[in-house]
Amino acid sequence: MNQEPTPALPPVWLKPGPLVPIARVAAACYGAAIGLRNAAYDHGLLPTHRVQARTVCVGNISVGGAGKTPTVIALARRLHSDGAKVGIVSRGYGGSGSRRGALVCAGNGPLVDAQVAGDEPRLIAQSVPEVPLYVAADRCLAAEHLVRHFGCEIVLMDDGFSHRRLQRDLDLLLIDAVNGFGNSRLLPAGPLREPLTQLKRAKAIVLSKGPADDDLLQWVHRLAGQTPVFQSRLSTVGLRRLEDGSPVDLDEIRGQKVLSFCGLADSGGFDNTVQGLGVQVIARRDFGDHHRYLVRDYEELAALATPDGLTYTLTTAKDAVRLSSQGLRQKGIPMTLVVDVQMEFDDLEGLIALIKG
């Protein structure tokens, strides 16, 4: 028997209703403010800061998950393997360390947990433990720390397309190949953080979670002109037990009945990944992005995991850093497995060459 909770209401820009006109007025005001701010930076009226390193921003123009974190992980891993002195800066959303700044990784694995680092920086530090990572709301401070204390020659800024105070040599803009630009409206009437005209600031574009259809490709080329466009996709690389990190063979869960849950901006990608494992999804639960799991959440998951024959619970690596394996086990939830994915690119060599300059 399926036990799916009532789905959350879709964002206002996807559901016509009485709030839409209000949202459009708010979007016009937001657009005017964004336009003035960008013009001030373009004309040097607002100060910027440059660090003594090649600085590369991995960002997006829409709300929702475009795959920035797995992209940063893939690029940092490759740059490090090439011998580059690379470091990563992040705002550290949701972590207490972002206020004053915190060193999450010094090149030998995570130093702090997700409550301090934020979930995405903690995941990055676990995935590329050889690369130093600093979180701070002030990305200039974070970048300076990496350059001064670790001698970083390349700094990757995770999620900072709209953060213009830190000068960069390359803006790498990710566009979700599945959802595109939505209705092409600004927040809160649509998913856009900035007008589509700002695509011109990007020095490279990655259509992520692809493949992209021809219509989206034409739109991107029309808006971005001669900016190089790359394509990427997420692929499953393995399963591991949440409790001890030990690997689980993919064949072991094929055909099994599972509960899947996640707290992502876009849960559709994870749903597709789980379906691709060949399992029977008996129940599923979507939490909000960066969801902080509490006892009541474990109790809700335990209630969903009651059907006979349900043998596994599946979640994402991003969620795993926020979960307590003991809390899940105490509620009688079946063995929780983490689905690890990685970003793959159609032309990684060309992208790395751009980053190195």
Side-chain angles (χ1 to χ4, degrees), residues 50-60 66-92 103-111 117 120-136 139-140 142-161 163 166-175 201-210 227-238 317-318 340-357:
R50 174 170 288 281
V51 297
Q52 295 303 306
R54 185 163 175 82
T55 305
V56 177
C57 170
V58 179
N60 64 344
K68 295 183 296 297
T69 298
T71 297
V72 168
I73 290 170
L75 296 178
R77 182 177 289 140
R78 173 56 187 272
L79 289 165
H80 177 77
S81 69
D82 285 353
K85 292 184 178 180
V86 59
I88 301 167
V89 300
S90 170
R91 179 188 172 194
L103 183 63
V104 175
C105 181
N108 53 3
L111 298 172
E120 289 162 342
R122 169 72 189 199
L123 174 58
I124 294 170
Q126 286 182 185
S127 303
V128 278
E130 310 85 1
V131 175
L133 190 159
Y134 197 94
V135 299
R139 259 66 67 91
C140 299
E144 283 289 0
H145 186 94
L146 293 180
V147 173
R148 290 179 181 177
H149 295 276
F150 296 94
C152 291
E153 298 170 347
I154 298 176
V155 173
L156 298 177
M157 178 165 58
D158 179 24
D159 190 12
F161 188 70
H163 180 90
L166 177 60
Q167 292 185 31
R168 51 273 206 162
D169 301 278
L170 177 74
D171 265 303
L172 176 60
L173 186 67
L174 270 61
I175 298 172
R201 292 193 352 239
K203 297 291 181 63
I205 289 173
V206 174
L207 294 169
S208 64
K209 304 181 344 186
T227 303
V229 177
F230 301 84
Q231 297 210 49
S232 67
R233 68 211 59 82
L234 284 171
S235 64
T236 303
V237 294
K318 178 177 170 179
D340 286 316
V341 297
Q342 70 179 14
M343 194 68 82
E344 296 180 346
F345 302 86
D346 63 344
D347 182 13
L348 181 58
E349 301 298 327
L351 188 54
I352 291 294
L354 273 178
I355 289 172
K356 290 181 177 179

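Note that the numbering runs from 1 along the sequence shown for the chain. It should be emphasised that the depicted structure is a prediction, and the values quoted were computed from it without experimental measurement.
- For the pair A53 and V155, the tightest heavy-atom approach, listed with the atom from each and the gap, is CB-CG2, 4.0 Å.
- Crowding of R50 atom CZ: a count of heavy atoms from other residues, nucleotides or ligands under 6.0 Å exceeding 12.
- From L174, atom CG reaches atom CE of M343 across 6.0 Å, with rounding to the nearest 0.5 Å.
- A side-chain contact (heavy atoms from CB on, under 4.5 Å) with L172 holds for exactly one of I205, L75, L354; it is L75.
- Residues A84 and I154 come closest through the heavy atom pair CB-CD1, 4.1 Å.
- Considering all non-hydrogen atoms of both residues, R168 and C57 come closest at NE-CB, 4.0 Å.
- R233 places a side-chain heavy atom less than 4.5 Å from the side chain of D346.
- Of the possible polar contacts, one joining the S208 side chain to the A66 backbone as a donor-acceptor pair under 3.5 Å is found.
- The two residues A143 and V51 have their closest heavy-atom pair at CB-CG1, 3.8 Å.
- Between I355 atom CD1 and L351 atom CG the span is 4.5 Å, to the nearest 0.5 Å.
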Would T71 and F345 count as a side-chain contact (heavy atoms from CB on, under 4.5 Å) here? Give the steps. CA-CA 9 Å; T71 297; F345 302 86; 4.0 Å; yes
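- A distance of 6.5 Å separates CG in L79 from NZ in K356, rounded to the nearest 0.5 Å.
- With rounding to the nearest 0.5 Å, the separation of CG in L103 from NE2 in H145 is 5.0 Å.
- Residue L156 forms a side-chain contact (heavy atoms from CB on, under 4.5 Å) with just one option from L170, V56, V131, and that option is V56.
- Scanning for ring pair (Phe, Tyr, Trp, His ring centres under 6.0 Å) contacts around H80 gives an empty result, with sequence neighbours left out.
- Closest approach of F161 and A202 over heavy atoms only: CE1-N, 4.4 Å.
- Of all non-hydrogen atoms in I73 and S127, the two that sit nearest each other are CD1-OG, 3.6 Å.
- Distance check: M157 CE to I88 CD1 gives 13.0 Å after rounding to the nearest 0.5 Å.
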Exercise for the section: Evaluate the side-chain contact (heavy atoms from CB on, under 4.5 Å) criterion for residues L146 and L133: first the C-alpha distance (whole Å), next the side-chain angles of each, then the deciding distance (0.1 Å), finally the verdict. Expected result: CA-CA 8 Å; L146 293 180; L133 190 159; over 6 Å; no
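- Side-chain atoms of R201 never come within 3.5 Å of backbone atoms of L173 as a donor-acceptor pair (strictly under, hydrogens ignored).
- Under the 4.5 Å side-chain criterion, counting only non-hydrogen atoms from C-beta, I124 is not in contact with S90.
- The number of heavy-atom neighbours closer than 6.0 Å to CD of Q52, taken from other residues, nucleotides and ligands shown, is 12 or below.
- Electrostatic pairing of R91 and E120 does not count as a salt bridge here, judged by no charged N lying under 4.0 Å from a carboxylate O.
- Note that OG of S235 is 11.0 Å distant from CG of D340, once rounded to the nearest 0.5 Å.
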Requested in this report: Run the numbers on R78 and E349 for side-chain contact (heavy atoms from CB on, under 4.5 Å), then give the verdict.
Outcome: CA-CA 10 Å; R78 173 56 187 272; E349 301 298 327; 2.9 Å; yes
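- Using a distance-only test at 3.5 Å, with no hydrogens or angles considered, no donor-acceptor pair links the side chain of D171 to the main chain of K203.
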Verdict with supporting geometry, K68 and D158, side-chain contact (heavy atoms from CB on, under 4.5 Å) | CA-CA 7 Å; K68 295 183 296 297; D158 179 24; 3.8 Å; yes
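- A side-chain contact (heavy atoms from CB on, under 4.5 Å) with R77 is found for one member of V72, D82, V86, V128 and no other, namely V128.
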